Amino acid sequence: MPTTFPHMLKPLDLGFTQLKNRIVMGSMHVGLEDRFYNYGKLAAYFAERARGGTGLVITGGISPNRQGWLLPLGGTLNRYGDVINHRRVTQAVHKEGGKILMQILHAGRYGYHPFAVSASNSKSPISMFKARAMKDSEILSTIKDYGRCAKLAKLAGYDGVEIMGSEGYLLNQFICNRTNRRTDRWGGSVENRMRLPVQIVKRVRQEVGADFIVMYRLSLIDMVENGNTWDEIVQIAQALETAGITILNTGIGWHEARVPTIVTSVPRAAFRKVTARMKKELKIPVMASNRINTPEDCEDIIASGDADLVSMARPLLADPHFVNKAAAGEPEAINTCIACNQGCLDRTFSLKRATCLVNPQAGHETERVYVKTTRPKKIAVIGGGMAGLSCATVAAERGHQVTLFEGGDDIGGQFTLAMNVPGKEEFRETIRYFRHRLKKTGVTLELKKKVSAQDLKNAGFDEIVIATGVQPRIPAIPGIDHPKVLSYPDVLRHGKKVGHRVAVIGAGGIGIDVSEFLLAEHSPQPLQAWADEWGVDFSSAEPGGLRAPKREQPLRKIYLLQRKPGKKMGQGPGKTTGWVHRLALQHHQVKMLGGVEYLKIDDLGLHIRIDHEEQILDVDHVILCAGQEPVNDLLPVDANGKIKDKRFHVIGGAKLAGELDALRAIHEGAALAAAL
């Protein structure tokens, strides 16, 4: 039977070695690289992706020396004693038939430590430490450190290395005028600015020989002021090719850029044509990257000739068996990455181990194991939101007899509200995945079924899981029942008509979502409209690939209000994405007000007080996004609130409302199901 994805699954012959397909798990720090006692877990993590069919995996960044640390005591490979631990990783991947590269990363001024260095004296906006300019002798020593690191990587069994020269790290800092103000042989002209990465590639190639993959990740569009032009980027890429790299990987943007590059609102495969443009300039294979999350897009990118390989990091965190499922002709079985960042980047930037919102086992392959039960139970799960779906499918996968009761006419719960928000269309993929999982695992699904306590008592279930979710909290504001007042489900689920002047009460994640929903004209946003809004010039004719943004007049006048004082709106889940939402609202002239006291709602509008001054917001509608309350009336509790019947369990929003948190809901559901 011919495969649906022949180009994606076609081997790539590199001469001295062959990759079994064109899918690469790109580098992603998961928090296991920095301590050698975690390398057994790291080995299991990468081995699972190799077992799932991925042709090549790349580790998180490993520093060539202490100055290159991203964090104090970060992962480093600069002595023979480190090789033994790295061999655990390479051997695990090779045992599963995969290949693995180690990424060499020097953080430069992105280092979170006091001995950070860079091309020039400078401080990045994302680190508290000011970096000092490297001396000529230190630059030469660093070139040797890269060579030694690569040589040790080869000794450890890696199939190659990736040299990280993108996203604003040290080598990116050297090649850009933005951070390189040197007047010696390492600065000034582009020939001088690229001298360090070119010399590093030559040294690495000298140390490892010809039969070893040397990949270089180059920022093809910087998205920062005083970045490189396209002509400079091509010149650098061609020099790297001449110096001896095997593959060029696409990097997009700097970490300090104020343009989103990987969040869910970025259109799928937004940067493929940038890669395609570079491919025409080189003879070596070129790899596409960023916001590619389906086998259909992978196939099209490679079949069209836009790239030779596709790099996906988070999609293979979400589903390590992405390739095998595509090869089996079952793309509907893939647990698609929704680019939310909540389980991965949000956690790593908080110095926690990465996982995945939609895949609780990610990063915990040795701990979160779903073992087949030897004593099948009859289990009822009440509520078809994220917590209930996760619990029901994992329990059924383990061999239990599961019935899932959902009062509405479809599964998804609060997640179905999020997927209606422009820029969050990817959330539909999670609903699609769980719909497939329910059938695959044999869960009995009962829709439009309002379960009573008597129903549960009579059915003879061994375990009963309450996953009934939340309901909107109604604040005690005089006039709260006025016709102007709508709840967020009225807007996002029921499609109630909303006027042109709107006050949104509550500036958490839901308030942000509702505001973006009311401002959208297109969903999903076309690529060119997205580029216009954020001022992206894909041609990079100007330094950094930036241009003046083009923004339409906002569709509505929106006031986004919160009780707490302070400027930052949308706190809670989404630490690495909140800034994107806040800037998007600013683009549409949303007025964000903190420290608001709500006085009343009447025909004149919403009466508020800020800093002891009263004012009336003349609005057509007031939308309530003031939090949630748990729905758990089926839970049998005593006077002290303790569960009286040990068969009952409560998870997700029914357990704790708070800020809606799908990651917690999915992980709680899976954890309970694994323990039943």
Side-chain angles (χ1 to χ4, degrees), residues 8 10-28 33 46-47 49-50 53-64 77 83 86-87 89-106 143 146-166 171 197-218 237-251 275 278-279 282-289 302 307-313 316 323:
M8 182 187 93
K10 182 181 179 181
L12 178 64
D13 187 2
L14 297 175
F16 59 89
T17 190
Q18 180 174 278
L19 304 182
K20 65 182 180 181
N21 57 54
R22 306 304 180 95
I23 299 302
V24 178
M25 184 175 191
S27 175
M28 184 177 191
E33 304 89 346
F46 283 123
R49 275 74 202 163
T54 304
L56 177 67
V57 297
I58 306 175
T59 71
I62 302 296
S63 301
L77 181 58
V83 167
H86 282 272
R87 278 183 179 162
V89 176
T90 60
Q91 288 171 357
V93 171
H94 291 154
K95 184 179 178 181
E96 299 298 339
K99 286 185 165 59
I100 182 168
L101 307 186
M102 190 192 79
Q103 186 187 77
I104 307 177
L105 181 149
H106 192 303
I143 294 170
Y146 268 87
R148 181 178 65 247
C149 187
K151 184 177 181 179
L152 291 173
K154 185 175 184 180
L155 185 63
Y158 287 101
D159 300 286
V161 293
E162 177 180 67
I163 299 171
M164 181 51 152
S166 177
L171 302 187
V198 168
Q199 290 301 316
I200 284 173
V201 169
K202 288 181 177 179
R203 182 61 181 244
V204 166
R205 182 54 77 193
Q206 176 185 330
E207 293 288 350
V208 299
D211 297 345
F212 194 69
I213 299 171
V214 178
M215 184 183 291
Y216 193 98
R217 181 157 182 159
L218 177 67
Q238 291 174 340
L240 293 170
E241 180 180 41
T242 301
I245 64 172
T246 316
I247 300 169
L248 184 79
N249 187 9
T250 297
T275 306
M278 179 57 73
K279 189 176 183 306
L282 303 176
K283 298 181 179 66
I284 58 173
V286 176
M287 185 156 67
S289 182
I302 297 167
D308 302 286
L309 298 138
V310 173
S311 170
M312 297 186 293
L316 292 163
V323 176

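Remember, predicted model here, so these are calculated numbers, not experimental data. All values below come from the heavy atoms of this structure, side chains included, with hydrogens, waters and symmetry mates left out.
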If you define the side chain from C-beta out and look only at heavy atoms, does anything of [X] sit under 4.5 Å from [Y]?
{"X": "Asp159", "Y": "His94", "answer": "yes"}
{"X": "Arg87", "Y": "Leu155", "answer": "yes"}
{"X": "Gln238", "Y": "Leu282", "answer": "yes"}
{"X": "Leu316", "Y": "Ile23", "answer": "yes"}

Show the nearest heavy-atom pair for residues [X] and [Y], with the distance to one decimal.
{"X": "Leu218", "Y": "Ala237", "result": "CD2-CB, 3.8 Å"}
{"X": "Leu171", "Y": "Gly165", "result": "CB-CA, 3.9 Å"}
{"X": "Phe46", "Y": "Val93", "result": "CB-CG2, 3.6 Å"}
{"X": "Val57", "Y": "Thr54", "result": "CG1-CG2, 4.0 Å"}
{"X": "Pro197", "Y": "Tyr216", "result": "CB-OH, 3.2 Å"}
{"X": "Glu162", "Y": "Leu101", "result": "N-CB, 4.3 Å"}

Item checked: Derivation and outcome, side-chain contact (heavy atoms from CB on, under 4.5 Å), residues Leu56 and Met215 -> CA-CA 12 Å; Leu56 177 67; Met215 184 183 291; 4.1 Å; yes
Next item on the list: Using the test side-chain contact (heavy atoms from CB on, under 4.5 Å), find all partners of Ala313 that sit at least two apart in sequence or belong to another chain.
Entry: Met28
Check: Would you find more than 12 non-hydrogen atoms of other residues, nucleotides or ligands less than 6.0 Å from Lys151 atom NZ?
Finding: no
Margin query: Counting only heavy atoms from other residues, nucleotides and ligands, does the tally under 6.0 Å from NZ of Lys20 exceed 12?
Written below: yes
Is a side-chain N or O of [X] found less than 3.5 angstrom from the main chain of [Y], in a donor-acceptor match?
{"X": "Asp308", "Y": "Val286", "answer": "yes"}
{"X": "Ser27", "Y": "Thr59", "answer": "yes"}
{"X": "Glu241", "Y": "Lys283", "answer": "yes"}
{"X": "Ser311", "Y": "Ser289", "answer": "no"}
{"X": "Arg22", "Y": "Met287", "answer": "no"}
{"X": "Thr246", "Y": "Val214", "answer": "yes"}
{"X": "Ser166", "Y": "Arg217", "answer": "no"}

Check: What's the verdict on side-chain contact (heavy atoms from CB on, under 4.5 Å) for Arg203 and Tyr146, showing C-alpha distance, side-chain angles and the deciding distance?
Finding: CA-CA 8 Å; Arg203 182 61 181 244; Tyr146 268 87; over 6 Å; no
Separation of [Y] [atom2] from [X] [atom1] (nearest 0.5 Å):
{"X": "Leu309", "Y": "Thr250", "atom1": "CG", "atom2": "OG1", "answer": "10.0 Å"}
{"X": "Leu248", "Y": "Lys279", "atom1": "CG", "atom2": "NZ", "answer": "12.0 Å"}
{"X": "Ile100", "Y": "Gln91", "atom1": "CD1", "atom2": "CD", "answer": "11.5 Å"}
{"X": "Lys154", "Y": "Cys149", "atom1": "NZ", "atom2": "SG", "answer": "14.5 Å"}
{"X": "Phe212", "Y": "Leu14", "atom1": "CZ", "atom2": "CG", "answer": "13.0 Å"}
{"X": "His86", "Y": "Leu152", "atom1": "NE2", "atom2": "CG", "answer": "9.0 Å"}

Next item on the list: Apply the test side-chain contact (heavy atoms from CB on, under 4.5 Å) to residues Val198 and Leu240: give CA-CA distance (whole Å), side-chain angles for both, the deciding distance (0.1 Å), then the verdict.
Entry: CA-CA 6 Å; Val198 168; Leu240 293 170; 4.3 Å; yes
Checklist line | From CA spacing to verdict: side-chain contact (heavy atoms from CB on, under 4.5 Å), Met102, Ile104 | finding: CA-CA 6 Å; Met102 190 192 79; Ile104 307 177; 3.9 Å; yes
